[in-house]
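Working notes for the structure below.
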Amino acid sequence: MPDSSVKVRIAPSPSGYLHVGTARMAISNYLFARHYGGQFFIRIEDTDKERSDKSLIDPILDALRWLQLDWDGEIVHQSQRLDIYKDYAKRILESSAGYRCFCSPQQLQKDREEASAKKLPPRYNRRCLKLTPQEIEAKLEAGEKFAIRLRIPEGVTSFEDMVLKQVSRSSDDIEDFIIARSDGTATYNLAVVVDDHDMGITHVIRGNDHVTNTFKQILIYRALGLDIPKFGHLPLILRPDKRKVSKRLGDKDVGEYRNEGLLPEAMFNYLCLLGWSPKTEREIYTPKELVEIFTEKHFNASNAVFDEEKLIAFNKKHIGLKSGHDLAVLVAPLLVDAGVRTKYWLETRWEYLRNVIDLLKERVRRLTDFVSLGHYFFDFDYKYESKAEAKQFTPESADLLEELTGRFEKLPGFDHDAIEQCLSGMANEKEVKKARLIHPTRLAVSGMSVGPGLYDILALLTQPVVVERMRKAVEHIRNMKQESQE
RNA sequence: GACCCCAUCGUCUAGUGGCCCAGGACGACGCCCUUUCACGGCGUAAACACGGGUUCGACUCCCGUUGGGGUCGCCA
């Protein structure tokens, strides 16, 4: 059932690039919004002046755009809403749901150390809650700085999670956390509550590393008397060593996968199926199809390990789904970047590019493979693979190649069948195995020992090019021979 | 350490009390196809963490144990 009132968001902090964990959360929120016809927002969480880096915002948005996660409305920047948070902090303080804390960070650090030495939970000891009004007045007059803490009411806080079902936590396990720093700025949990409320967020879908924050945020909602959204805590994406993905541990960001030739559809599809299942045996879907079949009821509760091999397998399938033209559009810039050919050269030989792509398509796993496996279709200055060269470029093969070149040159037509007949005919006459002709020829025209069927390569390369390359190879082999004799 | 969450092949997962001596996918291995490498086709190995219950019957429900993850900042 469509529910256009659905409003969700993804809230990255610009303290690193977009990694697969955040991308996965973005995708889930996007799918949830689009499936129900709701709205998907972006909010940049940059309240920490120290750690936030403005230059990181664009790369994050680029990655989101690459994944085709189009968002609604204006992007909200927390750094531009600092005054609003201050008002809310003041409200909490005045409502006596919060209180001033004059403890210095050093003092708090010391308290924590002492607590952990005694094997006690490192929770704030409420020293400043015990201050008398006179003491507070005195400190204020002395100009002492203070942070604002939320006083956690006794009892148990619980909520119905979209994934985890009923979750609860005793107030004994939640400390009076700080909602406003001594410089007056809001901390994360307050800012999130205020923004989610102002933005009209109906469902907060995020990683399960946030459940402890959720209890705190619910308490803030209550202190402020605001409506509480629904929560869904998704399983985390783990590295192969089972740790949470993080940039600091050297995990790749989405942009790197893009550079490695991954298709956004493949990334979208793979990430979507981590911790969520369509409950069918099919697993390759386009983003559009996923929007259609998505339901929040199919989330798993257990964390999932990110497997790059499987991602690449998905990529291969998605490459197979693309049209030749669409692939050419994606591959052309890669050939240009690799310095193989200019944009102009490729645009004027679009048909040729298309044919090369069709030929290579089924053996390619990444977009960049089109370049590494097919550069010789464009690049005439390729090097011969040294190992194959040693094996295939023998003096005898030079003679065979020379003879074959002559025969190719005389061919009236140069298509797959004509080439095959010509080569087979020569092999029969000379009583040599076809492989003795095929392998050196392949190396001569491509510089490689592997690739698509040789006859297809030759036909596509065209007769004059093939003849020229083979002559060059013959010459090369004979020079090699001379060099080794000297 | 405290608290919260989780637990099916190496990995992602299907399974909601009998259809399961557990299905699919990636990976691995083997065979076929083949001039090569891939692709494709066929096939093999590979899992219900453990212990108690509940039940005529548990992968499925309950409890415990073990294991894993997450969180414990005037970071987000």
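Residue numbers start from 1 in every chain, and the chains themselves are labelled A, B, ... in the order their sequence lines are given, proteins ahead of strands.
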Just the atom pairs and distances: protein N or O near nucleotides 65-67 of chain B's N or O, under 3.5 Å.
none

Write down the protein N/O and nucleotide N/O pairs, taken from nucleotides 71-76 of chain B, whose separation is under 3.5 Å; answer none if there are no such pairs.
unit_1  : atom_1 : unit_2  : atom_2 : d
rU71(B) : OP1    : K244(A) : NZ     : 2.6
rU71(B) : O2'    : T212(A) : OG1    : 2.9
rG73(B) : N2     : R51(A)  : NH2    : 2.7
rC74(B) : O2     : S182(A) : N      : 2.8
rC74(B) : O2     : S182(A) : OG     : 3.0
rC74(B) : N3     : S182(A) : OG     : 3.0
rC74(B) : N4     : C103(A) : O      : 2.7
rC75(B) : OP2    : R181(A) : NE     : 2.0
rC75(B) : OP2    : R181(A) : NH2    : 2.9
rC75(B) : O3'    : R181(A) : NH2    : 3.3
rC75(B) : O2'    : D48(A)  : OD2    : 2.8
rA76(B) : OP1    : T47(A)  : OG1    : 2.7
rA76(B) : OP1    : R181(A) : NH2    : 2.3
rA76(B) : OP2    : R181(A) : NH2    : 3.3
rA76(B) : OP2    : Y188(A) : N      : 3.0
rA76(B) : O3'    : E45(A)  : O      : 3.2
rA76(B) : O2'    : S13(A)  : OG     : 3.3
rA76(B) : N6     : N213(A) : OD1    : 3.1
rA76(B) : N6     : N213(A) : ND2    : 3.3
rA76(B) : N1     : N213(A) : ND2    : 3.2

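One C1' atom belongs to rC63(B), the other to rU55(B), and the distance between them is 16 Å to the nearest Å. Going from the C1' atom of rC4(B) to that of rU60(B) covers 25 Å, rounded to whole Å. Remark: the separation of the C1' atoms in rC56(B) and rC26(B) is 41 Å, to the nearest Å. Rounded to whole Å, the C1' atom of rC59(B) lies 14 Å from the corresponding atom of rC19(B). rG41(B) and rA7(B): their C1' atoms are spaced 37 Å apart (whole Å). rC21(B) and rA58(B) have their P atoms separated by 13 Å, with the value rounded to a whole Å. The same atom, P, is picked in rU8(B) and in rG69(B); the two are 14 Å apart, to the nearest Å. Rounded to whole Å, the C1' atom of rC12(B) lies 16 Å from the corresponding atom of rC6(B).
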**Full working for side chain to side chain contact (heavy atoms under 4.5 Å, CB included) between Y382(A) and R469(A)** = CA-CA 11 Å; Y382(A) 53 86; R469(A) 290 186 180 193; 3.2 Å; yes
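Taking the side chain of K434(A) as heavy atoms from C-beta on, and the options rU35(B), rC6(B), rC26(B), the nearest nucleotide is rU35(B). The side chain of V167(A) approaches rC4(B) more closely than any other nucleotide in the set rG27(B), rC4(B), rU11(B). Nearest to the side-chain atoms of H439(A) among the listed nucleotides rU13(B), rU36(B), rG27(B) stands rU36(B). Picking from rC12(B), rG24(B), rG27(B) the nucleotide with the shortest atom distance to the side chain of E281(A) gives rG24(B). Of all nucleotides listed (rG69(B), rC12(B), rG27(B)), rG69(B) comes nearest to the side chain of N303(A).
Ion pairing of K310(A) with E283(A) is present here, as a side-chain N (NZ or NE/NH1/NH2) and a carboxylate O approach within less than 4.0 Å. Taking the charged nitrogens against the carboxylate oxygens, E175(A) and R123(A) have no contact shorter than 4.0 Å, which rules out a salt bridge. Ion pairing of R436(A) with E396(A) is absent here, as no side-chain N (NZ or NE/NH1/NH2) approaches a carboxylate O to less than 4.0 Å. Ion pairing between D183(A) and R181(A) fails under the 4.0 Å rule for side-chain N and carboxylate O. Comment: D198(A) engages R81(A) in a salt bridge, judged by a side-chain N to carboxylate O separation of less than 4.0 angstrom. Here R127(A) pairs with D111(A) in a salt bridge; the nearest charged N to carboxylate O distance falls below 4.0 Å.
L454(A) comes within contact range of at least one nucleobase, with a heavy-atom separation under 4.0 Å. At a threshold of 4.0 angstrom between heavy atoms, the contacts of S168(A) are confined to the sugar-phosphate backbone, with no base atom among them. Residue contacts for K316(A): at a heavy-atom cut-off of 4.0 Å it reaches the sugar-phosphate backbone alone, with no base atom in range. Within the nucleic acid shown, E309(A) comes within 4.0 Å of sugar-phosphate atoms alone, with no base atom in reach, counting heavy atoms only. Using a 4.0 Å heavy-atom criterion, one finds that G275(A) contacts the sugar-phosphate atoms exclusively.
Under 3.5 Å, the side chain of K279(A) and the base of rA14(B) form no donor-acceptor pair of N or O atoms.
Although no hydrogens or angles enter the test, the distance criterion places no donor-acceptor pair under 3.5 Å between the side chain of D161(A) and the main chain of Q166(A). Of the possible polar contacts, one joining the D46(A) side chain to the Q78(A) backbone as a donor-acceptor pair under 3.5 Å is found.
Pairing for rG1(B) goes to rC72(B), judged as Watson-Crick or G-U wobble with the two contacts each under 3.5 Å. A 3.5 Å limit on both hydrogen-bonding distances identifies rC56(B) as the Watson-Crick or G-U partner of rG18(B). Pairing partner, rA7(B): rU66(B), with both Watson-Crick or wobble hydrogen-bond distances short of 3.5 Å.
When rounded to the nearest whole Å, the span between CG of L373(A) and C1' of rC39(B) equals 13 Å. The distance between atom CZ of F177(A) and atom C1' of rC3(B), rounded to the nearest whole Å, is 16 Å. Rounded to a whole Å, the CZ atom of R206(A) is 14 Å from the C1' atom of rG70(B). If you take CD1 of I312(A) and C1' of rC26(B), they are 11 Å apart, rounded to a whole angstrom. A straight line from CD1 of I284(A) to P of rU13(B) spans 15 Å, rounded to a whole angstrom. Remark: C1' of rU35(B) and CE of M426(A) are 15 Å apart, rounded to the nearest angstrom. For the pair K242(A) NZ and rA7(B) P, the computed distance is 13 Å after rounding to whole Å. Distance E362(A) CD to rA38(B) P: 13 Å, rounded to the nearest Å.
Remark: N300(A) is in phosphate contact with rU13(B), judged by side-chain N or O atoms under 4.0 Å from OP1 or OP2.
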Taking only distance into account, with no hydrogens and no angle test, what donor-acceptor pairs under 3.5 Å do side-chain atoms of residues 444-458 of chain A form with protein atoms, sequence neighbours excluded?
unit_1  : atom_1 : unit_2  : atom_2 : d
S446(A) : OG     : R442(A) : O      : 2.7
S446(A) : OG     : M448(A) : N      : 3.0
S446(A) : OG     : M448(A) : O      : 3.3
S449(A) : OG     : E385(A) : OE1    : 2.8

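A residue-by-residue look at G453(A) and L236(A) shows that G453(A) has its nearest nucleotide of RNA chain B further toward the 5' end.
Ring-plane geometry between Y88(A) and H197(A) is classed as perpendicular, the angle between the planes exceeding 60 degrees on a 0 to 90 degree scale with a lower cut at 30.
Residues Q217(A) and H210(A) bring no donor and acceptor atom of their side chains to less than 3.5 Å of each other.
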